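Down below is the structure, laid out as structure tokens.
As the structure is a computational prediction, the values presented were derived from the model and not from experiment.
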Amino acid sequence: MFLRLAQQHQEFVQDLVMNLQALTITLDLRGYTASCYTCGDQMNSASFMVSLGEKHLIRFLVSDYGITWMELWDDRELMKLEGAEAINQLQELANILKYSPVIQLTN
């Protein structure tokens with residue numbers, strides 16, 4: 001039973017890392033400065049960051065050790081969430097993108 005749970009957790013983390021990479025691409029296309037760094041090619045951890053304004057930064061960390069959401073303003077921590085609460089906050093960010101108008105860029 002525990003081996004199955006460990007495998008499911010690894011798959012969950014890998015899925016979350018892939019979604020962070022996709023979110024990074026979407027944010028970049030929308031004009032936000034975003035990055036997603038992974039360690040190695042096994043996708044078992046990632047550091048995701050996005051700048052929402054001049055001094056507003058979101059940092060999301062995921063690994064086998066845990067999941068953390070940090071919101072910073074002017075290099076000061078505003079909010080820190082872990083686990084399911086961190087993922088819910090990430091969903092809120094994705095919803096903002098999903099329902100905000102797309103800006104068309106012209107040449």
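- With contacts defined as side-chain heavy-atom distances shorter than 4.5 Å, the pair T68/L81 does not qualify.
- Two different hydrophobic clusters hold L90 and L57 under the rule that ILVMFWY side chains link at heavy-atom gaps under 4.5 Å.
- Atom OG1 of T26 and atom NZ of K98 lie 12.0 Å apart (nearest 0.5 Å).
- Of all non-hydrogen atoms in L20 and C36, the two that sit nearest each other are CB-SG, 3.9 Å.
- Taken from CD1 in I58 to CD in E92, the straight-line distance is 11.5 Å, to the nearest 0.5 Å.
- Closest heavy-atom contact between M70 and L61: CE-CD1, 3.9 Å.
- For Q89, the side-chain hydrogen bond (donor to acceptor under 3.5 Å, both in side chains) criterion is met by no residue, not counting sequence neighbours.
- Partners of H9 under the ring-ring contact (aromatic ring centres under 6.0 Å, His included) rule, at least two apart in sequence or in another chain, do not exist in this structure.
- Note that the CG atom of N19 and the CD atom of Q14 stand 12.5 Å from one another [nearest 0.5 Å].
- L72 is not connected to F48 by any chain of hydrophobic side-chain contacts under 4.5 Å among Ile, Leu, Val, Met, Phe, Trp and Tyr, and they are in different clusters.
- Atom-to-atom distance recorded for F60:CZ and I67:CD1 is 5.5 Å, nearest 0.5 angstrom.
- Under the side-chain hydrogen bond (donor to acceptor under 3.5 Å, both in side chains) criterion, E11 pairs with Q7, not counting sequence neighbours.
- Applying the side chain to side chain donor-acceptor pair (under 3.5 Å) test to pairs two or more places apart or on separate chains, none has a residue in residues 57-67.
- A single hydrophobic cluster is not seen to contain both M49 and L16; linkage of ILVMFWY side chains at heavy-atom distances under 4.5 Å, directly or through other members, places them apart.
- With values rounded to the nearest 0.5 angstrom, K80 atom NZ is found 14.5 Å from W69 atom CH2.
- Residue pairs meeting the side chain to side chain donor-acceptor pair (under 3.5 Å) criterion with at least one partner in residues 32-57, sequence neighbours excluded, are H56-E71.
- For Q91, the side-chain hydrogen bond (donor to acceptor under 3.5 Å, both in side chains) test picks out N95, with sequence neighbours left out.
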